[in-house]
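Reviewing the structure listed below.
Reminder, nothing fancy here: chain letters follow the sequence lines and each chain counts from 1. None of these values were measured; they are calculated from a predicted model.
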Amino acid sequence: MMSATDTPADAIVRVVAAIPRGRVTSYGAVAARAGLPGRARLVGRVLGETEQDLPWQRVLRSDGRIALPPRSAAFREQVRRLRAEGVTVTAGRVDLRRFGWGGGDLDAALWAMPGPRA
DNA sequence: GTCGTGACGCCTC
DNA sequence: TGAGGCGCCACGA
């Protein structure tokens, strides 16, 4: 997907921009989809640097928790945005089994599973 | 060239 | 569930 001219950051931006509204995914998943397996930290760095209109609030840690200090302004902003698009945020965390982006292998598997409260 | 740091992730206790 | 440890890569001092 990544042509020779663009940087890993460009690939990351494309992946994040492609996350559907009302869905969330993890840094690791974004990195993998961008062709950068294991570069989760790079994703975080890119999100913090870029000035573009990205749905960065849809990117969470692998356990579904927001990767920002609970008391930071950015944290509150992320929670506000997620709730605005229908994502339930409880104690700074999101249930990936319910809102995870079906693109990832694990996400898809969990999504297809007959949940306890399906 | 090395060290410290970070919007991460997986494993183990 | 939470905390600690180690690995990973990019960057600035």
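Not a single donor-acceptor pair under 3.5 Å links the side chain of A/Arg14 to the backbone N or O of A/Ala34.
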Under 3.5 Å, N/O pairs linking protein and nucleotides 1-4 of chain C:
{"from": "C/dT1", "atom 1": "OP2", "to": "A/Arg93", "atom 2": "NH2", "distance (Å)": "3.2"}

Pairs under 3.5 Å (N/O, protein and nucleotides 6-8 of chain B):
{"from": "B/dG6", "atom 1": "N9", "to": "A/Arg41", "atom 2": "NH2", "distance (Å)": "2.8"}
{"from": "B/dG6", "atom 1": "N7", "to": "A/Arg41", "atom 2": "NH2", "distance (Å)": "3.2"}
{"from": "B/dG6", "atom 1": "N3", "to": "A/Arg41", "atom 2": "NH2", "distance (Å)": "3.4"}
{"from": "B/dA7", "atom 1": "O4'", "to": "A/Ala67", "atom 2": "O", "distance (Å)": "2.9"}
{"from": "B/dA7", "atom 1": "N3", "to": "A/Tyr27", "atom 2": "OH", "distance (Å)": "2.6"}
{"from": "B/dC8", "atom 1": "N3", "to": "A/Arg41", "atom 2": "NH1", "distance (Å)": "3.4"}
{"from": "B/dC8", "atom 1": "N4", "to": "A/Arg41", "atom 2": "NH1", "distance (Å)": "2.7"}

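Under the rule for a side chain to side chain contact (heavy atoms under 4.5 Å, CB included), the partners of A/Pro20 that lie at least two apart in sequence or sit in another chain are A/Arg23, A/Trp101. The side-chain hydrogen bond (donor to acceptor under 3.5 Å, both in side chains) check on A/Arg58 picks up A/Glu85, with sequence neighbours excluded. Applying the side-chain hydrogen bond (donor to acceptor under 3.5 Å, both in side chains) rule to A/Arg80 yields the partners A/Glu77; only residues at least two apart in sequence or on another chain are considered. Applying the side chain to side chain contact (heavy atoms under 4.5 Å, CB included) test to A/Thr50 and every residue at least two apart in sequence or in another chain returns A/Gln52, A/Leu54.
The closest side-chain heavy-atom distance from A/Ile12 to A/Leu36 is below 4.5 Å. Residues A/Gln78 and A/Leu82 are in side-chain contact: their nearest non-hydrogen atoms beyond the backbone lie under 4.5 Å apart.
Sorted by first and then second residue, the side-chain hydrogen bond (donor to acceptor under 3.5 Å, both in side chains) pairs involving residues 59-71 of chain A (not counting sequence neighbours) are A/Asp63-A/Arg65.
Atom pair A/Glu49:CD and C/dA10:P shows a separation of 14 Å (rounding to whole Å applied).
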